[in-house]
Amino acid sequence: DTAVSQTPKYLVTQMGNDKSIKCEQNLGHDTMYWYKQDSKKFLKIMFSYNNKELIINETVPNRFSPKSPDKAHLNLHINSLELGDSAVYFCASSQGADSPLHFGNGTRLTVT
Amino acid sequence: AQSVTQLGSHVSVSEGALVLLRCNYSSSVPPYLFWYVQYPNQGLQLLLKYTTGATLVKGINGFEAEFKKSETSFHLTKPSAHMSDAAEYFCAVSEVGGYNKLIFGAGTRLAVHP
């Protein structure tokens, strides 16, 4: 199936740990994104890559580092996890400035 | 800076009734406008979008929205609600010519009761 897929779906970890979330899209899109959805369902963009190049970098702590090995993959690594990092993280992709985003099903991160 | 305001965090309608979800945007340049739907434990799915052209946009599942520049609004409607429409709905705006950076509203949870 053509899709944006994220792994893992659920991630429970302790404060101070380092974790990664992986994202892959097979839609042939050039642009990929990471969004964070907090407990109140508010969605905010974190990063965007276009053809492996970082084009959007919102005010996100340095503990968050995206990596795009190729245009079909955009991974998110988080160092020294904090309680406030608990959220659902969505990966998305799109083709072109006016084309809609295609979202993955999200990764629910719980930091204890 | 762009922003999106969705009036009403919760909307409840009866099955068969009109659905109206309100969205107002703020943008200093012509915007692209989107409505997305999120079902529980799932990602967001595009309902419809406005980029250029006709201001009345039809989307999936019988939804439509009208871009009104004078009112800076992009309200979502459906003539007859179905139980399966119960979900969270998000309005979003992005800049024309930008990097497709979507700014989302806070969302409206639609409940449909028998």
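Chain naming here is simple, since letters A, B, ... match the order of the sequence lines and numbering starts at 1 in each. Just so it is clear, the model here is predicted, and its values are computed rather than measured. Computation of the quantities below employed the complete heavy-atom set of this structure, encompassing side-chain atoms and omitting hydrogens, waters and symmetry-equivalent molecules.
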Among the clusters formed by ILVMFWY side chains lying less than 4.5 Å apart, do B/I60 and B/L110 turn up in the same one? yes
**Prompt:** Side-chain heavy atoms under 4.5 angstrom apart, residues restricted to Ile, Leu, Val, Met, Phe, Trp, Tyr: same cluster for A/V4 and A/L74?
**Reply:** no
**Prompt:** Linking I/L/V/M/F/W/Y whenever their side-chain heavy atoms sit closer than 4.5 Å, directly or via other members, would B/L44 and B/V57 fall into one cluster?
**Reply:** no
Exercise for the section: Using a 4.5 Å cut-off on heavy atoms from C-beta on, say whether the side chain of A/F103 contacts that of B/L46. Expected result: no
Might you confirm whether atom NZ of A/K71 has over 12 heavy atoms from other residues, nucleotides or ligands at distances under 6.0 Å?
-> yes
So CG of A/L43 and CD of B/Q38: to nearest 0.5 Å the spacing works out to 6.5 Å
One should read off an interatomic distance between A/K41 NZ and B/S9 OG, to the nearest 0.5 angstrom, of 13.0 Å
From the list A/R108, A/E58, A/K40, A/H102, the residue making the most non-hydrogen contacts under 4.5 Å with chain B is A/E58
Is there a side-chain contact between B/K101 and A/Y33, using heavy atoms and a 4.5 Å cut-off? no
Taken to the nearest 0.5 Å, the spacing of B/F34 CZ from A/S99 OG works out to 7.5 Å
Exercise for the section: Report, as yes or no, whether the 6.0 Å neighbourhood of atom CG on A/N62 holds more than 12 heavy atoms from other residues, nucleotides or ligands. Expected result: no
Output for pair (A/L101 CG, B/F104 CZ), nearest 0.5 Å, gives 6.5 Å
Under 4.5 Å to a heavy atom of chain B? For A/K9 that would be side chain
Q. Can any side-chain N or O of A/Y35 pair as donor or acceptor with the backbone N or O of B/L102 at less than 3.5 Å?
A. yes
Distance col, row A/Q37:CD vs B/F90:CZ, nearest 0.5 angstrom, shows 5.0 Å
| B/I103 versus A/K44: any side-chain heavy-atom pair under 4.5 Å? | no
- prompt: Going hydrophobic residue to hydrophobic residue with side-chain gaps under 4.5 angstrom, can you get from B/F63 over to B/L33?
  reply: yes
Indicate, with yes or no, if A/L81 and A/M46 share a hydrophobic cluster defined by side-chain heavy-atom contacts under 4.5 Å among Ile, Leu, Val, Met, Phe, Trp and Tyr. yes
